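Working notes for the structure below.
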Number of protein chains: 2
Amino acid sequence: MERRTAQRAAILEVLEGGRAFLSAQDLHDRLRSKKRSVGLTTVYRNLQSLVEQGVVDVVRTPAGESKYRLCSKDFHHHHLVCRHCGVSVEVESPEVEKWASVIARDHGFSDVTHELELFGNCTQCKNA
Amino acid sequence: MERRTAQRAAILEVLEGGRAFLSAQDLHDRLRSKKRSVGLTTVYRNLQSLVEQGVVDVVRTPAGESKYRLCSKDFHHHHLVCRHCGVSVEVESPEVEKWASVIARDHGFSDVTHELELFGNCTQCKNA
DNA sequence: CTATATGCAAAGTATTTGCAACATT
DNA sequence: AATGTTGCAAATACTTTGCATATAG
């Protein structure tokens, strides 16, 4: 995943277009409606490599689907994600980080990491 | 899922035996080695009903598998789970709850819920 | 006896892999 | 030309569903 290909560019273009978390399927659909179709397999492969590069973040929805979004790679953050449209905000949580390390120590666990995401309805989708 | 069946009893017996999160498959395997075999489908169906009753908690591992464990249904908590053996501790986090509601308000999101789990290596598995 | 639970086999998701054709460098 | 990339079809992993049979109440 180091060559410049039309598919990769198209994928990045869609990702750069919004702040919403999209599934591989969502991305595939959007590309198709923009007449820039890319195989679903290729979408998966590119997303995976973008995740490895730290350019894209993933959240697993409670329904068990992975959703991807372009993210700041420079600071540790979590997301507040809209259940309906997927828009999201990057949020920091110094107090959570601190809490987590205290808990880890108290129970003698090492190498403790945490998974934290907030899900809600954004201002636009309040009704839905 | 309201009748007393041998299968349901066997499943509960295994769940009551430990503090580890088990996948449906794990449970199915343990039942088989105890000579109390239960169909995998039945394991899934019972787990699902136990989850609905609030008796069992689920965590989705980063690998995308659902794991189940008997849990206190009376208070909101999260889990500190060992990546190797699955043992886990229920932990409370008043500061996280508070933080989450502030974030939600600040961004105008409503009905905000959160998914939070801590993963690490327990004392027994430090080496592994 | 009746309704619910079981369990096999088959279907359904979400994602990954094999591999030949293809495009980038 | 050489190697990385694509995309279809097939494989995988987990979970759910259809349906006939068994069983609790």
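Side-chain atoms are counted along with the backbone in the values below, which use heavy atoms only and exclude waters and symmetry mates. Below, chain A is the first sequence line, B the second, and so on; all start at residue 1. Model, not experiment: these values are computed from the prediction.
Taking atom CZ of residue A/Arg4 and atom P of nucleotide D/dT6, one finds them 14 Å apart after rounding to whole Å. Between the CG atom of B/Leu27 and the C1' atom of D/dC14 there is a distance of 15 Å, given to the nearest Å. The distance between atom CE of B/Met1 and atom P of D/dA24, rounded to the nearest whole Å, is 13 Å. Counting to the nearest Å, the P atom of C/dC22 and the CD atom of A/Gln7 are 13 Å from each other. Residue B/Asp26 contributes atom CG, which lies 14 Å from atom C1' of D/dA13 at whole-angstrom precision. Taking atom OH on B/Tyr44 and atom P on C/dT13, their separation rounds to 16 Å, with Å as the unit. To the nearest angstrom, P of D/dT15 lies 13 Å from CG of B/Leu22. Going from atom CG of A/Asn46 over to atom P of D/dT5 covers 9 Å, rounded to whole Å.
Of the possible donor and acceptor atoms, one in the side chain of A/Glu117 sits under 3.5 Å from a partner among the backbone N and O of A/His79.
Judged by atom type and distance alone, B/Arg45 does not reach the base of C/dA5 through any side-chain donor-acceptor pair under 3.5 Å. No N or O donor and acceptor, one from the side chain of B/Arg3 and one from the base of D/dG25, sit under 3.5 Å apart.
Side-chain atoms of A/Leu15 and A/Leu50, non-hydrogen and from C-beta on, do get closer than 4.5 Å to each other. Using a 4.5 Å heavy-atom threshold, the side chains of A/Asp26 and A/Lys67 count as touching.
Sequence order on DNA chain D of the closest nucleotides to B/Gln25 and A/Leu40 puts A/Leu40 first from the 5' end. Toward the 5′ end of DNA chain D lies the nearest nucleotide of A/Val43, the other residue of the pair B/Ala24 and A/Val43 mapping further downstream.
Nucleic acid contact class of A/Ser23 (heavy atoms, under 4.0 Å, all strands): none. Backbone-only contact: A/Thr5 has heavy atoms under 4.0 Å from sugar-phosphate atoms and none from a base. Within 4.0 Å (heavy atoms only), A/Glu2 reaches sugar-phosphate atoms of the nucleic acid but no base atom.
The P atoms of C/dA9 and C/dT13 are separated by 22 Å, rounded to the nearest whole Å.
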B/Gln124 and B/Val87: CA distance, side-chain angles, deciding distance, side-chain contact (heavy atoms from CB on, under 4.5 Å) verdict = CA-CA 10 Å; B/Gln124 313 294 315; B/Val87 257; 6.0 Å; no
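In terms of phosphate contacts, B/Thr41 brings no side-chain nitrogen or oxygen within less than 4.0 Å of OP1 or OP2 of C/dT6. A close approach under 4.0 Å does occur between a side-chain nitrogen or oxygen of A/Ser66 and OP1 or OP2 of C/dT15.
Applying the 6.0 Å contact sphere to NZ of B/Lys98 captures no more than 12 heavy atoms from other residues, nucleotides or ligands.
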